[in-house]
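Naming convention: chains lettered A, B, ... in sequence-line order (proteins, then strands); numbering from 1 in each chain.
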2 protein chains.
Amino acid sequence: MVYRYGATRTGRDRFRVDSAHRENGTSGASGQETQESARQRIICAAIDLYGEHGFDGVTVKTIAQRAGASAPLVIHHFGSKAGLRTACDRYVAEQFSRVKTESVRRGSMPRNVAHEAVMANRHLVKYLMRAFVAGGPEVDLLFDQLVEDSLVYTAEAEEIGLVYPSRNPRHRAVVLLLQSFGGLVLHRHMERHLGMSLVQEDPDPEGLDAYMATLMELYTRPLFNAEAYSELLGAEQAEQAPESSAL
Amino acid sequence: MVYRYGATRTGRDRFRVDSAHRENGTSGASGQETQESARQRIICAAIDLYGEHGFDGVTVKTIAQRAGASAPLVIHHFGSKAGLRTACDRYVAEQFSRVKTESVRRGSMPRNVAHEAVMANRHLVKYLMRAFVAGGPEVDLLFDQLVEDSLVYTAEAEEIGLVYPSRNPRHRAVVLLLQSFGGLVLHRHMERHLGMSLVQEDPDPEGLDAYMATLMELYTRPLFNAEAYSELLGAEQAEQAPESSAL
DNA sequence: TGAGGTGCTGAATATCCGTTCAGCCCCGAG
DNA sequence: CTCGGGGCTGAACGGATATTCAGCACCTCA
């Protein structure tokens with residue numbers, strides 16, 4: 001009963017990381033990998049269940065069962081439930097960095113990296129969203145790295161003329177990242193309203209196209225009329241209202 | 001030891017709702033309100049603590065202590081912890097609708113409503129973000145109402161010429177709402193990177209201005225060069241990549 | 001063959017937490 | 001004054017859960 005991510009490898013799954021790639025816990029781990037090590041199975045099960053039900057919605061026993069192991073074994077390997085949590089954080093961070101390095105080695109266009117990486121590793125992303133709202137040292141670091149990567153990619157895109165420059169590229173990167181993740185964290189409501197979300201099992205193409213079209217509209221055309229806005233702002237007497245219904 | 005929201009009423013607090021406004025549980029509740037009822041105190045304490053630590057991070061006992069009551073009293077009033085949760089959901093939804101109706105009665109510009117409402121009711125917003133990611137009937141309904149409201153406001157803004165029309169206003173409203181809430185849900189990282197967040201205690205003005213400037217830049221000027229983008233898209237052979245690093 | 005070590009488990013433990021119970025205080029009605 | 005009831009509490013209960021413990025199976029090396 002070995003648990004395995006996903007089902008079939010479609011064309012879009014180029015970016016999926018191999019879940020069987022073992023992260024060596026102790027340096028001299030005597031290799032015995034006729035099949036996935038229990039430690040690895042536990043981590044994968046935990047990531048899936050945590051991503052689905054949140055950190056507090058899953059018991060150690062449930063994770064162990066899903067991994068085909070016993071609860072004490074989980075403790076044996078990770079010391080405690082918190083230890084498992086940080087192990088998962090580390091594992092996810094490592095996998096994401098692997099995705100990144102592999103995609104640059106493959107010479108992919110940077111503009112595809114993030115999106116395809118998300119699509120191909122839903123479990124990891126779902127976990128990551130939970131982790132981002134919960135916070136934690138490992139995961140904060142990962143977020144920071146995403147900001148840096150985003151800055152690099154955006155700069156490259158600027159040079160091609162694909163992206164317009166910003167007065168404060170770093171701030172723009174952070175805000176864009178936060179906004180993008182917002183749609184993932186609240187995928188529940190995205191599913192309810194748009195009929196799809198990026199992390200659901202089988203996103204139907206038309207819903208995805210609708211979402212992408214909306215994003216493209218938002219990002220290729222202005223939303224506010226800047227002149228009308230500042231005009232209106234000047235017309236109102238003392239109302240200090242720097243922003244609009246966009247929160 | 002009566003717990004009370006906030007401290008002093010500044011000019012910006014026009015939109016704050018009166019936390020003492022009692023929601024009548026049983027219809028014929030014999031009124032005895034020399035001070036805030038315990039039921040109300042418990043709800044306020046729960047909203048604060050839930051918003052701060054999440055639904056699973058707080059015990060009934062903690063809530064009771066904060067409200068100056070005992071754990072059994074919480075159960076006595078709400079039946080169970082889940083009952084308290086739905087009572088909080090209902091209360092928050094009611095407060096938000098109150099904010100809305102009061103602001104329209106006051107004749108405020110709709111474009112200010114959302115932003116100022118957020119600023120003035122941080123506890124409610126913090127709770128709401130937790131509730132949005134957790135989901136639930138009451139809270140889903142509230143989200144849907146926010147979408148509808150946003151549609152109305154945006155339509156009005158369109159007529160003034162403040163906002164440009166969209167091919168699919170509803171989709172745009174949903175995506176904008178999700179993106180905006182993303183920044184609130186992940187306020188942790190917004191604080192770490194921008195030095196402020198909309199739900200923190202005392203947002204320093206310069207950080208807020210920086211954030212607003214970033215938002216305005218994003219919403220008044222295009223981010224992508226549409227021509228360059230579609231050109232690039234046509235140039236690439238079979239790469240089906242509908243979107244970019246914006247996730 | 002035996003010793004030791006590793007991976008793993010079932011049962012037991014300790015703790016926490018939501019909930020129940022029996023009863024107190026206080027106030028208003030008869 | 002007495003009765004009754006509502007608001008409220010301390011103590012106890014029961015279930016769930018992370019963690020510990022003692023030991024089993026198996027494998028390796030002497």
Side-chain angles (χ1 to χ4, degrees), chain A residues 1-3 22-46 49-50 52-89 134, chain B residues 1-3 20 22-46 49-50 52-89 134 136:
Chain A
M1 192 186 119
V2 175
Y3 181 74
R22 176 193 78 233
E23 38 97 64
N24 39 10
T26 62
S27 60
S30 61
Q32 161 184 356
E33 39 185 335
T34 59
Q35 62 183 23
E36 234 175 359
S37 76
R39 184 187 166 88
Q40 188 53 44
R41 271 180 295 140
I42 291 170
I43 287 190
C44 288
L49 289 170
Y50 281 157
E52 199 63 40
H53 303 103
F55 292 115
D56 299 312
V58 183
T59 71
V60 176
K61 194 175 178 182
T62 310
I63 295 171
Q65 280 177 343
R66 175 104 159 216
S70 67
L73 186 62
V74 176
I75 304 300
H76 171 69
H77 276 302
F78 303 98
S80 68
K81 197 183 182 183
L84 172 61
R85 163 75 202 282
T86 74
C88 288
D89 282 357
Chain B
M1 191 184 117
V2 174
Y3 181 73
R22 176 193 80 232
E23 35 98 67
N24 39 10
T26 61
S27 60
S30 61
Q32 161 184 355
E33 39 187 333
T34 58
Q35 62 182 21
E36 232 174 1
S37 75
R39 185 187 165 89
Q40 188 53 44
R41 271 179 296 140
I42 290 170
I43 287 191
C44 289
L49 289 170
Y50 281 157
E52 200 63 40
H53 303 103
F55 293 114
D56 299 312
V58 183
T59 73
V60 176
K61 193 176 178 181
T62 311
I63 295 171
Q65 280 177 344
R66 174 101 161 220
S70 67
L73 187 61
V74 176
I75 304 300
H76 172 72
H77 276 303
F78 304 98
S80 68
K81 197 184 184 183
L84 173 61
R85 162 76 202 282
T86 74
C88 288
D89 282 356

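When distances are taken from the side chain of A:S70 to each of D:dG10, C:dT9, C:dG18, the shortest belongs to C:dT9. The listed nucleotides are D:dT9, D:dC8, C:dT19; the one nearest the side chain of B:A69 is D:dT9. Nearest nucleotide to the side chain of B:P72, out of C:dC21, D:dA18, C:dC8: C:dC21.
Put simply, CD1 on B:I75 is 15 Å from C1' on D:dA12, counting in whole angstrom units. Atoms CG (A:L73) and P (C:dA11) sit 17 Å apart, rounded to a whole Å. Distance CZ (A:R85) to C1' (D:dT19): 20 Å, rounded to an integer number of Å. Between the NE2 atom of B:H76 and the C1' atom of C:dC24 there is a distance of 14 Å, rounded to whole Å. If you measure from atom CD of A:Q65 to atom P of C:dC8, you get 17 Å, rounded to the nearest angstrom. Regarding A:R39, its CZ atom lies at a distance of 12 Å from the P atom of C:dC8, rounded to whole Å. The separation between A:I42 atom CD1 and C:dC8 atom P is 8 Å, rounded to whole Å. Atom-to-atom, NZ of A:K61 to C1' of C:dG10 comes out at 11 Å; the value is rounded to the nearest Å.
Proximity of A:K81 to the phosphate of D:dA18: a side-chain N or O atom is located under 4.0 Å from OP1 or OP2.
Mapping A:T59 and A:G79 onto DNA chain D via the closest heavy atom, the residue that lands nearer the 5' end is A:T59.
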Could you please spell out the steps behind the side-chain contact (heavy atoms from CB on, under 4.5 Å) verdict for A:R66 and A:I63? CA-CA 5 Å; A:R66 175 104 159 216; A:I63 295 171; 5.8 Å; no

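Atoms CD1 and CG, from B:I43 and B:L84 in turn, are 7.0 Å apart once rounded to the nearest 0.5 Å. From A:Q65, atom CD reaches atom CG of A:L49 across 10.0 Å, with rounding to the nearest 0.5 Å.
Taking the side chain as every heavy atom from C-beta outward, B:R39 and B:F78 approach each other to under 4.5 Å.
The residue B:H77 sits close only to the backbone: its heavy atoms come under 4.0 Å of sugar-phosphate atoms, none of a base.
Geometrically, B:R85 does not engage B:Y50 in a cation-pi contact defined by less than 6.0 Å to the ring centre and at most 45° from the axis.
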